There are 2 protein chains.
Amino acid sequence: MPAQRPRGVSIQDVARAAGVSRQTISNAINAPHKLRPDTLERVTALIEEMGYRPDQSARSLRSGTRRIIAYTTPETDPDNPNALMSGFLEAMVAAAGEAGYRILLVRPRPGQSRARALEDVIAARTADAILLSDVLEDDPCVDYLHETGFPFAVFGRTGPGRPQAWVDVDSAQAMIDLVGLLSSHGHRRVAYLGTSAALPWLRHREAGFRIGMRRFGLAGHEAFVDGLDEVVAVARDLLNRSPRPTALVLDDDWLAPGAYAAAQAEGLTVGADLAVTGFNDMPYTRLLQPPLTTVRLPLRRIADALVSRLLQSVEEGEPPEAGLLLAGDPVLRPSMTTVE
Amino acid sequence: MPAQRPRGVSIQDVARAAGVSRQTISNAINAPHKLRPDTLERVTALIEEMGYRPDQSARSLRSGTRRIIAYTTPETDPDNPNALMSGFLEAMVAAAGEAGYRILLVRPRPGQSRARALEDVIAARTADAILLSDVLEDDPCVDYLHETGFPFAVFGRTGPGRPQAWVDVDSAQAMIDLVGLLSSHGHRRVAYLGTSAALPWLRHREAGFRIGMRRFGLAGHEAFVDGLDEVVAVARDLLNRSPRPTALVLDDDWLAPGAYAAAQAEGLTVGADLAVTGFNDMPYTRLLQPPLTTVRLPLRRIADALVSRLLQSVEEGEPPEAGLLLAGDPVLRPSMTTVE
DNA sequence: TTGAAAGCGCTAACAA
DNA sequence: TTGTTAGCGCTTTCAA
C-alpha cells in the first residue's frame, strides 16, 4: 500500500496567493508574453518563492506531451559492456537536455522482445519519441516503429527501402582515411585484424579497409578473432606472414592490448617497428604505451543530429527522409610509425 | 506548435467494447482478484486484443506514483568517461526493471546545481525516488534530500551523523584482501601507485592498503599521479626504489597500461618478475598481457540493494537507518606472481 | 490582458 | 462482484 506522498504546491495555491486565476499562473510559465510586465514579475517572484513547478503528469495528461525520449538500452554482454554506451549516453543526455528533454532508459523485461517493450512505451504514452541503437540491418523494431508512425530515430543504419530515420558514423570512409594515413607514412604492407561478429558497423569498417587498400595500392592480409583468447595468437600469426606487414589495423580498440602483446612477443616495438591503429577512441587507448592511433566518433554531433531529427518528427509529424552519415576523426598518436 | 498526437485506446474504449464499466477494466489490471474469473478472462483478452495500456500520465496523476527512479548522472570529464557508469547503469536498469521501475537520466542544466536539478524533479513530481552516485563526503545534495524527506539512496557513502541511505563497496577491505593475497604469494615489498584526486573511494582504497601492509607486516612505498602523462615515470620511479618491490598495487585499473609499460621499460616482465594489481575490473583488464588481477565490484548486488532501499523509502516512507557495505571480489589473473 | 469552464484518462472511495 | 461519482493538476478554448 504505497503511502500517499503529500503533494506539493499546486497552481491553485499560487493563484490564490497572487490573487489571480490559475490561468494567469499557467501563462506566466508557458506564455509569459501574454501577461502585463508587472503581473508577470509579481507572479514569477511568487512562483520562485513558493517553489512551484507544474506537476509533470498533469501537464502531460493535458497537453499530450511528455518531454521524454525513451532509449531502449541494448542488452549488454556483461563480459563486454559496451563502454561506448556511456559516452554515447553522455552525449545524448546533454543534447536532449538542451532541448528540454530527458532520457528514459527502457529495457525489455526478460523474455520480452524489444519491439514489445516499445509497444508498451507507445501505448502507455510514456515518451514523445524513441531512440534506438545497435540495430541490425533488418531489425523488426524499425519496421514496427515506422508502421506506428511514432517518432523515432536510430543511431546506426537501416537498409535501403526502409525508413531512413538514422544517424551513423561513416565508418568505411574513416577506415579509408586511416589506410590513407598509413600510406602517406610510407606503409605498403598492412594487415587487418577484425572481430568475426556479423555486426553492420564492423562490416562497414572492413569494407572501408578493403577499398582503402585498393585505392592506395597496398598489399596485406585479413584475419578475424572470435573471442578474447584468440587475439594474441591470431595477431602473431598475422605479423609472421611474409613479407611482414609494417602496420596492423584493428577494427576495434578493444583488440589493441592483445595486438601490443603480440608485437612484443614477436620482438617488435609498436610505434617503432610496427604501426597499430584502432577504432572508437576508447579512453584507455591514450594510456597504452605507445598511445594508440584510432578513430574518434563525433558522439556529440551524432547526439545533436538524433535529437534534432527526433524533435522534428515530434513537432512536424514528419519523419526525416534521409539518413545522415557523419565523419569519424582519425586521431594520430605515437602508435603510428613512418616507414622509409 | 506541437502536433496533437492522436491518443490511443482509452479505458473507456475497452469498457464500451466489453460492455462493462471503466472501473472493471481498471481492476482487471490493478486488482485482478476483485473480478469474477470469467469477467477477468474476457476483459483481459479484450485488453490484449485492443492493445490497451493505461496512460502513464493519467495513472500517475491519479495515483501519485510514477514508477520512475531519477538518476542524476555525474558530469563526466570527456577525457575520462567513467567507464564504470555503463556497468552500474546496466545493473540499475536491470534491478529497477525487475521491480517495475525505470531509470530517468537527469542532468543539471548548465550553471544549475545538482541540488537545484533535484528540486525540480521533486517539485514537478517527475519521479518517485532519486538515486545519487559520485557524492562527496559533505555533498549538499544529500542534506537537501534528507530535509525534503523525499525517498533517495546513494551509491557511495555519507559521513557519520548524516543520512545513511547509502550502499557502497567495502574498498578498504577489498584492498586488505588484495594485500593478503600478495602476502600469501610470498610478496614482502609492495608498492602502491594511486591517483591524487581527493575522492572518497580512492582514499578508502589507500587506507585499506596501509592497514593491509601493517597487518601482514609488509614494507613498501606509495606514490601518486596527477594525470595521464605522469603514470609511466612515477611507476618507474617506484620500481627503482631499493630494495625493489616485487608487486605494484594500483588504486584503479586505468593505471595498468602505464604500469605495464613502466615494468617493460625497467626490463621487468609483469606476471613473472613483477605482480601488478588493479581495482574495478574494467573490461579491458582481461585483455592486457598478462591479464590483470583486480577487484570486481558487485554491481548487481549494489543495484539490488539500492533499489530495495529506494522502494522501502517509497512504500514505507521510512528511510533506511544504516549504510550497507558490500564486499568486492578479488579476481586472480596472471599478473599475480609467486615469490619464493 | 485576465478569468471561467471543460476535460485530458485514470483510480480511490463508495454505493448498489 | 460491479458500477457510479468525483477529482488528481493542468492547459485549451472561449468569454469577458
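The structure presented is a predicted model; accordingly, all values stated were derived computationally and were not measured. Every chain is numbered from 1 and lettered A, B, ... according to where its sequence line falls, protein lines coming before strand lines.
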How close or far is atom [atom2] of [N] from atom [atom1] of [X], stated in whole angstroms?
{"X": "B:Q12", "N": "D:dT4", "atom1": "CD", "atom2": "C1'", "result": "12 Å"}
{"X": "B:R22", "N": "C:dA13", "atom1": "CZ", "atom2": "P", "result": "16 Å"}
{"X": "B:I29", "N": "C:dG9", "atom1": "CD1", "atom2": "P", "result": "15 Å"}
{"X": "A:R16", "N": "C:dA4", "atom1": "CZ", "atom2": "P", "result": "13 Å"}
{"X": "A:R62", "N": "D:dC10", "atom1": "CZ", "atom2": "C1'", "result": "8 Å"}
{"X": "A:I25", "N": "D:dG9", "atom1": "CD1", "atom2": "P", "result": "15 Å"}
{"X": "A:L61", "N": "C:dG7", "atom1": "CG", "atom2": "P", "result": "14 Å"}
{"X": "B:D55", "N": "D:dG9", "atom1": "CG", "atom2": "P", "result": "17 Å"}

Worksheet entry | B:R162 side chain to B:D139 backbone, donor-acceptor under 3.5 Å | yes

Discussion item. Base, sugar-phosphate or nothing for B:L35? Non-hydrogen atoms, less than 4.0 Å.
Written reply: sugar-phosphate

Practice prompt. Give one of base, sugar-phosphate or nothing for A:T39, where a contact means two heavy atoms less than 4.0 Å apart.
Written response: sugar-phosphate

Discussion item. The side chain of B:R36 is closest to which nucleotide in this list: D:dT1, C:dG3, D:dG7?
Written reply: D:dT1

Practice prompt. Return no unless some side-chain N or O of A:S26 is found under 4.0 Å from OP1 or OP2 of D:dT11.
Written response: yes

Worksheet item: Given that B:T24 and B:A58 both sit by DNA chain D, which one's nearest nucleotide is further toward the 5' end?
Response: B:T24

Fill in: Nearest-nucleotide comparison on DNA chain D, the residue closer to the 5′ end among B:V20 and A:N27
B:V20

Worksheet, complete the sentence: The answer to which of A:Q23 and A:H33 contacts DNA chain C further toward the 5' end, by nearest nucleotide, is A:H33

Discussion item. Checking B:R66 against B:S60: is there a side-chain donor and acceptor pair closer than 3.5 Å?
Written reply: no

Worksheet entry | Short side-chain donor-acceptor distance under 3.5 Å, B:N27 and B:R22 | no

Item to complete: State whether A:R107 and B:E90 are salt-bridged, where the test is any N-O pair (Lys NZ or Arg NE/NH1/NH2 against Asp/Glu carboxylate O) under 4.0 Å.
Response: yes

Item to complete: Give a yes or no on whether a salt bridge exists between B:E48 and A:R116, defined as a side-chain N under 4.0 angstrom from a carboxylate O.
Response: yes

